[in-house]
Each structure stands twice: as C-alpha cells, then as structure tokens.
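Any value given below was found using the heavy atoms of this structure, including those in side chains, with hydrogens, waters and symmetry copies removed.
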Amino acid sequence: MNPMLQFVFAASIPLILQLLGLTLAVWADPYIQKRQRKIMFVIIALILSLIIRDLIETQLDLDGTLHMARTIAAMYGYIIRPLVIVLFFYIVESGRRHSLIWWLLALNTLIYLTPLFSPICFRISSNDHFQRGPLGYTCHIVSASALLELLFL
C-alpha cells in the first residue's frame, strides 16, 4: 500500500471510531425523537461516505490514469458536503421548510454536475492535475451560507 494512502487511511480511523460512537449514542438515547434520529443516521451515513470517498479519491490520484472516476469522486464530495450541513437544520429547527437553502443546494448541485462537460467549475486535466474554474468555490460559499444560517437558528 502506498504511504500516502496509508496516511489517509490512518487519519480516517479516529473519524470512523467517532462516527461509530455517535451511531451508538444516537441509537441508544431515548430522548431523541424518531424523526431526528433518522436525520442523524442519514448525516452519519453521508459523513462515512465522504470518508470513503476521500480514500477512493486518494487512490485515484495516486493511480493518475482514471481522470473521469476522480472527477466523479470530486463532484460527489462538493455536492454532499453542504447537504450534511443543511440536514442539521432539521435537528435544530425541525418545523420549518428552509426553502432558500434548498434552492442554494440545488444550484450547487447543478454547478458541480458541469465538470462532466465543461471546465467552468473544475476539471481534472489529462496530466491528472486539479484545475479550479471560475465557479469552483460555489460549494464553499453555499456551505458558509448554510453554516451562518445554522448559527442564526
């Protein structure tokens, strides 16, 4: 196994153990409402998928030949990260619909689907380098907006 991949895997172990502990706590806590418990399990699953995605993308980066697979892995990460933040809205304030942030998530998703046919967001070049486009920081802006709204809630 490549030393870089070993490092990423070793760095992921504490995160996975924390997610396991959180899963057990959410499952065992009788004071968590059923709807909030489901949302927390979805959040845990999405975070676990992001950890696995990081391992896969590291392997793809080290391989250097599977540009489309690396592009899809990067797209997944940029689409899912703000979604995890938005799901916390329904734990903090479950009664509202939060329509505006869902519109921002939809826009973020549309923008991060563009690397399949356009470099306006990002692209993985033929020599396997990540190149950010003019809309490459959309995920960061949407995530920051969601965090600010969550702080407000």
Side-chain angles (χ1 to χ4, degrees), residues 2 4-5 7-23 26 35-153:
N2 187 295
M4 182 59 148
L5 190 59
F7 173 77
V8 172
F9 181 73
S12 299
I13 290 174
L15 299 172
I16 293 170
L17 290 174
Q18 288 176 7
L19 284 177
L20 178 62
L22 180 61
T23 303
V26 168
R35 177 176 149 84
Q36 290 177 331
R37 181 176 282 121
K38 286 180 183 179
I39 293 169
M40 287 182 186
F41 284 142
V42 169
I43 290 170
I44 291 167
L46 288 174
I47 292 172
L48 182 62
S49 76
L50 286 172
I51 293 170
I52 293 168
R53 185 213 66 89
D54 283 342
L55 291 168
I56 291 169
E57 189 173 11
T58 300
Q59 179 62 38
L60 292 170
D61 186 28
L62 293 171
D63 178 65
T65 59
L66 301 170
H67 311 300
M68 184 55 72
R70 187 166 170 221
T71 299
I72 292 169
M75 288 167 46
Y76 178 79
Y78 284 122
I79 291 169
I80 296 301
R81 285 183 189 110
L83 174 62
V84 170
I85 298 168
V86 170
L87 288 176
F88 277 101
F89 285 28
Y90 294 95
I91 295 172
V92 174
E93 192 176 275
S94 60
R96 285 186 42 206
R97 291 182 51 136
H98 308 286
S99 300
L100 177 62
I101 200 68
W102 282 105
W103 281 105
L104 287 174
L105 276 177
L107 179 64
N108 183 67
T109 300
L110 290 174
I111 288 171
Y112 280 99
L113 289 175
T114 62
L116 296 173
F117 53 86
S118 169
I120 196 163
C121 185
F122 74 87
R123 75 183 195 100
I124 308 294
S125 68
S126 59
N127 56 357
D128 204 43
H129 288 208
F130 179 90
Q131 296 173 338
R132 191 173 312 274
L135 297 179
Y137 288 102
T138 306
C139 174
H140 302 82
I141 293 167
V142 171
S143 295
S145 301
L147 282 172
L148 286 173
E149 177 70 18
L150 188 60
L151 181 66
F152 177 74
L153 292 177

For [X] against [Y], the heavy-atom pair lying closest together:
X	Y	value
R81	C139	CB-SG, 4.4 Å
I79	N108	CA-ND2, 3.9 Å
L105	P82	CD2-CB, 3.6 Å
F122	A74	CZ-CB, 3.6 Å
D128	G64	OD2-CA, 3.3 Å
Y112	G136	OH-O, 2.8 Å

Can any side-chain N or O of [X] pair as donor or acceptor with the backbone N or O of [Y] at less than 3.5 Å?
X	Y	value
R70	D61	no
H98	Y90	no
S118	T114	no
Y78	A73	no
Q36	I91	yes

Are more than 12 heavy atoms, taken from residues, nucleotides or ligands other than [X], located less than 6.0 Å from that residue's [atom1] atom?
X	atom1	answer
F130	CZ	yes
Y76	OH	yes
F41	CZ	yes

Quick one: pull up [atom1] in [X] and [atom2] in [Y] and give me the separation to the nearest 0.5 Å.
X	Y	atom1	atom2	result
L147	H140	CG	NE2	12.0 Å
I72	L66	CD1	CG	10.5 Å
I101	L150	CD1	CG	9.5 Å
T58	D63	OG1	CG	12.5 Å
I85	S143	CD1	OG	4.0 Å
I80	L50	CD1	CG	6.5 Å

Verify side chain to side chain contact (heavy atoms under 4.5 Å, CB included) between L60 and H67, making sure each step is shown before the conclusion.
CA-CA 8 Å; L60 292 170; H67 311 300; over 6 Å; no

Do the non-hydrogen side-chain atoms of [X] and [Y] ever get within less than 4.5 Å of each other?
X	Y	value
E149	L100	no
I39	R35	yes
L15	L19	no

Before you tell me yes or no, could you show the steps for L87 and L46 under side chain to side chain contact (heavy atoms under 4.5 Å, CB included), namely the whole-Å CA-CA distance, both residues' side-chain angles and the distance that decides it to 0.1 Å?
CA-CA 10 Å; L87 288 176; L46 288 174; 3.7 Å; yes

Begin with the C-alpha distance, continue with both residues' side-chain angles, and end with the deciding distance and a verdict on side chain to side chain contact (heavy atoms under 4.5 Å, CB included) for W102 and L83.
CA-CA 9 Å; W102 282 105; L83 174 62; 3.7 Å; yes

Applying side chain to side chain contact (heavy atoms under 4.5 Å, CB included), run through D54 and S12 and close with a yes or a no.
CA-CA 9 Å; D54 283 342; S12 299; 5.8 Å; no

